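Before any comments, here is the structure.
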Amino acid sequence: MKRKIQLIVYHANEDDPKKCSARKLHKFGFAKLEKNIRKMPKHAILLNPFAKKSLSKEDERIAKENGILAIDCSWKNAEKRFDELAQDSISRALQFVVAVNPVNYGKALKFTTLEAFAALLYILGHVEQAKEIINIYKWSPHFLELNKKPLEDYRVAKNSKDVIKAMKLYISDE
């Protein structure tokens, strides 16, 4: 079994605690929750929707060494938070997959922190770790089922360029 990738969440405490998947990931020991932005690890992979490069398997070594960082904050503050953290981390965009969380079911790119981590782990080839964390809600295992084909295509892509080619198959209007 592969060594697990450390999952870290910068938690800005701007959401409903009862619906917060980052808090639940922390509660079950799957992620480290950090409320001080200055304590974020250097050179971690930052899940950043504003990033210019997509996550791919070529990022696995960095993720293993430095972890994966997600930001749990209000979307109205998101761009500022991502700008702050992007300076000391390696920003990567997550691919096109569809959310299954009760608030954004069926919407592309409207993930919970849990869904984002599960997708990222799957793409990096840490499928067992993705399956392990995804089981913390009744609804969440459906995320991997619904997105199995695109996640598998992204996982086998050699690099970010190949990931983008695969992603275009899922977002084209043809």
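Just so you know, these numbers come straight off a predicted model, no measurement behind them.
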Tyr10: ring-ring contact (aromatic ring centres under 6.0 Å, His included) partners, not counting sequence neighbours: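 Checked Tyr10 against ring-ring contact (aromatic ring centres under 6.0 Å, His included); zero matches.
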Side chain to side chain donor-acceptor pair (under 3.5 Å) between Thr113 and Asp72, intermediate numbers included: CA-CA 7 Å; Thr113 304; Asp72 195 299; 3.2 Å; yes
Look at the side chain of [X] and the backbone N and O of [Y], then say whether any donor-acceptor pair between them is shorter than 3.5 Å.
X: Glu115; Y: Val100; result: yes
X: Glu58; Y: Ser160; result: yes
X: Asn48; Y: Ile71; result: no

Derivation and outcome, side-chain contact (heavy atoms from CB on, under 4.5 Å), residues Val127 and Lys131: CA-CA 6 Å; Val127 177; Lys131 288 178 179 178; 3.7 Å; yes
Salt bridge (Lys or Arg N to Asp or Glu O under 4.0 Å) partners of Lys24, counting only residues at least two apart: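 Salt bridge (Lys or Arg N to Asp or Glu O under 4.0 Å) list for Lys24, sorted by chain: empty.
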Residues forming a salt bridge (Lys or Arg N to Asp or Glu O under 4.0 Å) with Arg61, sequence neighbours excluded: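 Glu65.
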Mind checking whether [X] and [Y] have side chains closer than 4.5 Å, heavy atoms only?
X: Ser54; Y: Ile164; result: yes
X: Lys149; Y: Glu152; result: no
X: Ser21; Y: Tyr137; result: yes
X: His26; Y: His11; result: no
X: Leu121; Y: Leu124; result: no
X: Ile5; Y: Ile45; result: no
X: Asp88; Y: Met40; result: no
X: Phe50; Y: Ser91; result: no

Pair Phe30-Leu114, side-chain contact (heavy atoms from CB on, under 4.5 Å): steps then yes or no: CA-CA 10 Å; Phe30 295 129; Leu114 169 63; over 6 Å; no
Same cluster (ILVMFWY, side-chain, under 4.5 Å), Ile171 and Leu146: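 Yes: a chain of side-chain contacts under 4.5 Å links Ile171 to Leu146.
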Val156-Leu169 co-clustered via ILVMFWY side chain contacts under 4.5 Å: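 No; Leu169 is not reachable from Val156 via cluster members.
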Criterion side-chain contact (heavy atoms from CB on, under 4.5 Å) on Lys42 and Asn66, from CA distance to verdict: CA-CA 7 Å; Lys42 305 275 189 240; Asn66 305 317; over 6 Å; no
Asn147 and Tyr122: CA distance, side-chain angles, deciding distance, side chain to side chain donor-acceptor pair (under 3.5 Å) verdict: CA-CA 11 Å; Asn147 293 292; Tyr122 197 103; over 6 Å; no
Look up atom [atom1] in [X] and atom [atom2] in [Y], then write down how far apart they are to the nearest 0.5 Å.
X: Leu144; Y: Ile134; atom1: CG; atom2: CD1; value: 5.0 Å
X: Leu55; Y: Lys53; atom1: CG; atom2: NZ; value: 10.0 Å
X: Leu46; Y: Ile90; atom1: CG; atom2: CD1; value: 10.0 Å
X: Arg3; Y: His126; atom1: CZ; atom2: NE2; value: 8.5 Å
X: Ile8; Y: Ser89; atom1: CD1; atom2: OG; value: 10.5 Å
X: Ser56; Y: Lys161; atom1: OG; atom2: NZ; value: 12.0 Å

Salt bridge present between Glu145 and Lys148 (N-O < 4.0 angstrom):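 The answer is no: the pair does not qualify as a salt bridge.
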Ala51 versus Ala93, closest heavy-atom pair with distance: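 Closest heavy-atom pair between Ala51 and Ala93: CB-N, 3.5 Å.
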For the student: nearest non-hydrogen atoms of Lys57 and Lys158, plus distance: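 Result for this residue pair: CG-O, 3.7 Å.
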Worked check of side-chain contact (heavy atoms from CB on, under 4.5 Å) between Leu7 and Gln129: CA-CA 11 Å; Leu7 306 176; Gln129 188 177 357; 4.3 Å; yes
Greater than 12 external heavy atoms within 6.0 Å of His142's NE2: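 Yes, enclosed.
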Whether Phe111 and Phe143 hold their rings parallel, tilted or perpendicular, with breakpoints at 30° and 60°: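 Geometry flag for Phe143 against Phe111: perpendicular rings.
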